[in-house]
Amino acid sequence: MTTSDYGGETMMNKTFPAKTEALSDVLGFVEAALEDCGCPMKSSMAICLVTEELFVNVAHYAYPDGDGDMTLFISFDEKERVVTLRMTDKGIPFNPLKQEEPDVTLPAEEREPGGLGIFISKKTMDSLDYTYENGENILTMNKKI
Amino acid sequence: MTIEIKKNDNEAIIGITGRLDTITAPDLDKAINELKADTKNLVLDVKGMEYISSAGLRVLLAAQKKMHKSGSMKLINVCPDVMDVFELTGFLDILVIE
């Protein structure tokens, strides 16, 4: 893990294996970083929820032929009180945000199990964007805390 | 996450404490699927459940569908943060919450 201070922005990053077994470590890293930023518990829980959803997507789909890593960058703009997370992987190009949203008004019998993770993520974060650059899937998200 | 199961006649009460996430959700799924066939009513006491992710929601949805075929399922003691997630995802309308 590396930490640096840059003009009022605290930045940390760490690389994890893209496997669901690493989830506890990933969330531990995020929780500790948010605590350092003085993030309220409710926002911390929301951000961890989004991190879980997006990380699990990477763990399940990014590396179909083998193993790979995910790197998480966390920065905090102290002036604006905005947390930025950037999740990157070198897996197959895949934009999870393009999936069709579930219809959350349907009754239980008609609800499909999938799509909720991304739906929750989009609704929870102030912004959530995807790009593919230099062989990397990059998800960038912001939340004011 | 810890699970505690109590049985009364044809009712089962499952107490859930901790996080219901990608890692722990399969344990709850297993516990629900292992309930005997004569369990008609399922109560999930989630007083100690402080966090739920979509993996947990999927297990609840599957359990709801299963139990409502010939019985009932309800959740009690839902904490505010988890209620927020239910509201966001439409699960407030799907689940029976007391």
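Reminder, nothing fancy here: chain letters follow the sequence lines and each chain counts from 1.
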| request: Check the hydrophobic clustering (I, L, V, M, F, W, Y; side-chain heavy atoms under 4.5 Å; chains of links allowed) and say if M125(A) and V56(A) are grouped together. | output: no
| said: Hydrophobic cluster membership, with links at side-chain heavy-atom distances under 4.5 Å among I/L/V/M/F/W/Y: are I23(B) and V59(B) in one? | reply: yes
| Among the clusters formed by ILVMFWY side chains lying less than 4.5 Å apart, do M73(B) and I3(B) turn up in the same one? | yes
| Of the listed residues (G115(A), A108(A), C48(A)), which shares the most heavy-atom pairs with chain B below a 4.5 Å separation? | A108(A)
| Is atom OH of Y130(A) surrounded by more than 12 heavy atoms (other residues, nucleotides or ligands) closer than 6.0 Å? | yes
| field | Whether over 12 other heavy atoms sit under 6.0 Å from K6(B) NZ | value | no
| Is it the backbone or the side chain of E53(A) that comes under 4.5 Å from a heavy atom of chain B, or both, or neither? | side chain
| T89(B) vs K123(A) side-chain heavy atoms within contact, under 4.5 Å | no
| task | Calculate, to the nearest 0.5 Å, the distance between atoms CD and CD1 belonging to E109(A) and I94(B) respectively. | result | 8.5 Å
| query | What is the distance from atom CZ of R111(A) to atom CG of L61(B), rounded to the nearest 0.5 Å? | reply | 7.0 Å
| said: As a quick check of understanding, evaluate side chain to side chain contact (heavy atoms under 4.5 Å, CB included) for D93(B) and V104(A), giving each step before the final call. | reply: CA-CA 9 Å; D93(B) 299 323; V104(A) 298; over 6 Å; no
| task | Treating Ile, Leu, Val, Met, Phe, Trp and Tyr as nodes and any side-chain heavy-atom pair under 4.5 angstrom as an edge, say whether I145(A) and L85(A) lie in one connected cluster. | result | yes
| query | Can you say whether T20(A) sits under 4.5 Å from chain B via the side chain, the backbone, both, or neither, judging by heavy atoms? | reply | both
| said: Which residue is it: T124(A), L49(A), L116(A)? I am looking for the one with a side-chain contact (heavy atoms from CB on, under 4.5 Å) to V85(B). | reply: L49(A)
| query | Is E52(A) reaching over with its side chain to a backbone N or O of T22(B), donor-acceptor style, under 3.5 angstrom? | reply | yes
| Is it the backbone or the side chain of L88(B) that comes under 4.5 Å from a heavy atom of chain A, or both, or neither? | both
| field | Residue pair E31(A), R19(B): steps toward the salt bridge (charged side-chain N to carboxylate O under 4.0 Å, His left out) verdict | value | CA-CA 14 Å; E31(A) 275 170 358; R19(B) 299 163 52 97; 3.8 Å; yes
| query | Would the number of heavy atoms belonging to other residues, nucleotides or ligands and lying under 6.0 Å from CE of M83(B) be above 12? | reply | yes
| request: Flag yes if L75(B) and L42(B) sit in one hydrophobic cluster, no otherwise; membership is Ile, Leu, Val, Met, Phe, Trp, Tyr, and two members link when side-chain heavy atoms are under 4.5 Å apart. | output: yes
| request: Measure distances from L27(A) to the heavy atoms of chain B and classify the residue's part below 4.5 Å as side chain, backbone, both or neither. | output: side chain
| request: Go through the atoms of I52(B) and report whether side chain, backbone, both or neither lie under 4.5 Å from a heavy atom of chain A. | output: backbone
| field | More than 12 heavy atoms from other groups under 6.0 Å of CD on E11(B) | value | yes
| request: Report yes if the side chains of L57(B) and I120(A) come closer than 4.5 Å at any heavy-atom pair, otherwise no. | output: yes
